[in-house]
Peer 1: 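Take a look at the following structure, please.
Keep in mind that the numbers below use all heavy atoms, side chains included, and drop hydrogens, waters and symmetry copies.
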Amino acid sequence: MPHTKVAIVTGSNQGIGLEIVKNLCEKFPGVVFLTSRDIRKGEDAVEALKKLSLKPEYHQLDVLDKESIARFAKFIKEKYGGIDVLVNNAAIAYQVDSPEPFGEQAEVTLTTNYFGLLAVCHALFPLLRPHARVVNLSSSEGHLSKIPGEAIRDRLRDPDLTEEGLTCLVKEFIDSAKAGTYNETGWGRSSYRVSKNAVNALTFLQQKAFDRDSRSDIVVNAVHPGFCTTNMTRHKGVLTPQQGADAPAYLALLPPNVSQPRGQYVWKDRTIVSWIEPLKERF
């Protein structure tokens with residue numbers, strides 16, 4: 001008997017994540033899980049989609065809570081046996097005028113946007129089936145040119161970089177933010193930029209690992225969804241969340257054995273962009 005295909009979107013009770021769920025409910029031939037940290041908000045979002053004749057499933061998932069992640073992984077493994085699509089959407093961003101100390105902003109941002117994503121990947125990657133698709137939500141702010149220090153950029157793009165080495169780099173940034181040395185060490189004063197550069201670097205490492213995996217044709221890409229009108233942008237974006245969901249949903253539904261994109265940095269218009277070469281003016 002064929003298995004039920006499973007798609008999962010983290011942090012998807014609102015904004016771009018919710019629109020990705022909506023997109024997948026319309027196009028994905030299986031069950032789509034809307035997940036959120038807050039159960040009530042997640043269940044409300046599911047009910048709203050059901051009124052549109054869509055049928056997502058709901059499960060609580062807090063990317064900062066290892067027990068929550070473990071419960072979800074156990075549930076998926078026992079009920080479905082595997083995963084076909086994983087969209088890592090959960091993320092946060094401080095506003096420019098946020099009053100919190102920069103060291104605190106750095107630790108909280110990287111804990112969610114990098115370490116939370118990494119924890120979800122560690123728990124769910126063993127459940128990925130052959131031909132699975134993973135999408136890591138990134139940003140134009142995650143382009144390597146956004147990191148001021150050449151030495152830091154060189155370390156991030158080092159072809160011999162490992163996941164452990166990347167995690168050490170992230171911890172170095174948090175330490176420099178707390179110490180107030182973030183400018184002189186070359187990181188700059190944007191924890192969101194650092195977090196999304198880390199997500200991009202991680203994506204490339206993950207694809208290298210998938211290329212060596214015994215499970216065939218597992219593909220992961222990072223995507224810039226565009227500057228969208230969401231709570232994260234204080235509704236100042238130029239695109240709707242629906243428009244922002246287009247490229248992530250496209251990547252989640254890539255056909256079997258696609259040649260490209262595989263382990264790429266993909267723009268909101270579905271084109272592949274170099275993470276290293278100078279970024280042309282585009283949003």
Side-chain angles (χ1 to χ4, degrees), residues 16 87-89 91 93 106 109-110 113-115 117-118 121 125 133-177 181-213 218-228 239 244 246-248 250-252 254 258-283:
I16 296 171
V87 181
N88 287 306
N89 172 74
T109 302
L110 273 296
N113 297 4
Y114 176 74
F115 288 108
L117 183 151
L118 191 60
C121 290
F125 275 13
R133 300 293 179 251
V134 180
V135 184
N136 294 331
L137 269 287
S138 184
S139 167
S140 59
E141 294 297 299
H143 193 271
L144 192 62
S145 64
K146 301 284 187 175
I147 302 295
E150 185 177 358
I152 299 295
R153 294 198 302 270
D154 286 345
R155 292 173 69 189
L156 282 167
R157 66 184 180 188
D158 183 345
D160 295 322
L161 182 69
T162 62
E163 183 184 298
E164 294 75 16
L166 177 58
T167 294
C168 286
L169 268 170
V170 168
K171 290 178 178 177
E172 279 184 34
F173 165 66
I174 294 171
D175 289 343
S176 72
T181 59
Y182 45 87
N183 279 327
E184 59 199 75
T185 51
W187 286 104
R189 197 187 189 284
S190 173
S191 54
Y192 186 74
R193 285 179 174 177
V194 173
S195 75
K196 292 306 184 179
N197 267 280
V199 166
N200 285 348
L202 179 65
T203 299
F204 309 142
L205 293 172
Q206 290 173 335
Q207 187 63 60
K208 286 181 181 178
F210 287 146
D211 289 344
R212 300 188 298 269
D213 201 288
I218 299 180
V219 174
V220 55
N221 290 291
V223 61
H224 163 52
F227 186 42
C228 298
L239 300 178
D246 177 75
Y250 154 74
L251 294 172
L254 287 173
V258 65
S259 59
Q260 287 294 352
R262 302 174 74 93
Q264 300 288 352
Y265 183 30
V266 179
W267 218 247
K268 63 182 176 66
D269 60 2
R270 304 185 180 187
T271 58
I272 296 172
V273 171
S274 170
W275 181 53
I276 294 172
E277 297 302 319
L279 186 63
K280 296 176 182 178
E281 285 299 319
R282 52 194 304 176
F283 297 97

Peer 1: Where do G165 and T162 come nearest, in terms of heavy atoms and distance?
Peer 2: N-OG1, 2.9 Å
Peer 1: Looking only at atom types and distance, does a side-chain atom of N221 sit under 3.5 Å from a main-chain N or O of G263, one as donor and one as acceptor?
Peer 2: yes
Peer 1: Do you know the tightest heavy-atom contact between N113 and L117?
Peer 2: O-CB, 3.7 Å
Peer 1: Do side-chain atoms of Q264 reach the backbone of V266 as a donor and acceptor pair under 3.5 angstrom?
Peer 2: no
Peer 1: Can V87 and L251 be said to form a side chain to side chain contact (heavy atoms under 4.5 Å, CB included), step by step?
Peer 2: CA-CA 9 Å; V87 181; L251 294 172; over 6 Å; no
Peer 1: Tell me if a side-chain donor or acceptor on N200 pairs with a main-chain N or O of G142 at a distance below 3.5 Å.
Peer 2: yes
Peer 1: Under a 3.5 Å cutoff, is there a donor and acceptor pairing between the side chains of Y265 and T203?
Peer 2: no
Peer 1: Within a strict 4.5 Å, meaning less than it, do heavy atoms of the L156 and I147 side chains meet?
Peer 2: yes
Peer 1: Looking at every heavy atom in both P225 and L137, which two are closest together, and how far apart are they?
Peer 2: CG-CD1, 3.8 Å
Peer 1: Check whether any side-chain heavy atom of Y250 lies under 4.5 Å from a side-chain heavy atom of P261, and answer yes or no.
Peer 2: yes
Peer 1: Using a 3.5 Å distance criterion without hydrogens, assess whether the side chain of H143 forms a donor-acceptor pair with backbone atoms of E277.
Peer 2: yes
Peer 1: Taking the side chain from D158 and the backbone from D154, do they hold a donor-acceptor pair closer than 3.5 Å?
Peer 2: no
Peer 1: I'd like to check V194 versus V170 (side-chain heavy atoms, cut-off strictly below 4.5 Å). Are they in contact?
Peer 2: no
Peer 1: Show the nearest heavy-atom pair for residues V223 and P248, with the distance to one decimal.
Peer 2: CG1-CG, 3.9 Å
Peer 1: Check L161 against L166 and note the closest heavy-atom contact, atom names and distance.
Peer 2: CD1-N, 3.7 Å
Peer 1: Regarding E150 and R155, does a basic nitrogen lie under 4.0 Å from an acidic carboxylate oxygen?
Peer 2: no
Peer 1: With side chain to side chain contact (heavy atoms under 4.5 Å, CB included) as the criterion, how do N136 and Q206 come out once you've worked through the C-alpha distance, each side chain's angles and the decisive distance to 0.1 Å?
Peer 2: CA-CA 11 Å; N136 294 331; Q206 290 173 335; 3.1 Å; yes
Peer 1: Start with the C-alpha gap between L202 and L118, add the side-chain angles, then the distance that decides, and say whether side chain to side chain contact (heavy atoms under 4.5 Å, CB included) holds.
Peer 2: CA-CA 9 Å; L202 179 65; L118 191 60; 3.8 Å; yes
Peer 1: Could you walk me through whether R157 and F204 pass the side chain to side chain contact (heavy atoms under 4.5 Å, CB included) check?
Peer 2: CA-CA 10 Å; R157 66 184 180 188; F204 309 142; over 6 Å; no
Peer 1: Using atom types as modelled and distance alone, determine if a side-chain donor or acceptor of H224 lies under 3.5 Å from a backbone N or O of S139.
Peer 2: no
Peer 1: For a quick test of reading the model, state the closest non-hydrogen atom pair linking A106 to F173 and the distance between them.
Peer 2: CB-CE2, 3.6 Å
Peer 1: For the residue pair W187 and Y182, is the inter-centroid distance of their aromatic rings smaller than 6.0 Å?
Peer 2: no
Peer 1: Would you mind checking if E141 and K196 are paired as a salt bridge, meaning a charged N to carboxylate O distance below 4.0 Å?
Peer 2: no
Peer 1: I'd like to know if D246 and R270 make a salt bridge, using a cut-off of under 4.0 Å between side-chain N and carboxylate O.
Peer 2: yes
Peer 1: Can any side-chain N or O of R133 pair as donor or acceptor with the backbone N or O of L254 at less than 3.5 Å?
Peer 2: yes
Peer 1: Can you find a heavy atom in the side chain of T167 that is under 4.5 Å from one in the side chain of F115?
Peer 2: yes
Peer 1: Return yes if some donor-acceptor pair links the side-chain N/O of T181 with the main-chain N/O of E184 below 3.5 Å, else return no.
Peer 2: no
Peer 1: Taking R153 for its side chain and P148 for its backbone only, find out whether a donor-acceptor pair lies under 3.5 Å.
Peer 2: yes
Peer 1: Does some side-chain heavy atom of V134 sit less than 4.5 Å from a side-chain heavy atom of N88?
Peer 2: yes
Peer 1: Just verifying a value: how many Å separate S145 OG and I276 CD1, rounded to the nearest 0.5 Å?
Peer 2: 11.0 Å
Peer 1: Kindly compute the distance separating OG (S176) from CD1 (I152), expressed to the nearest 0.5 Å.
Peer 2: 7.5 Å
Peer 1: The criterion is salt bridge (charged side-chain N to carboxylate O under 4.0 Å, His left out); which residues satisfy it with E163, sequence neighbours excluded?
Peer 2: none
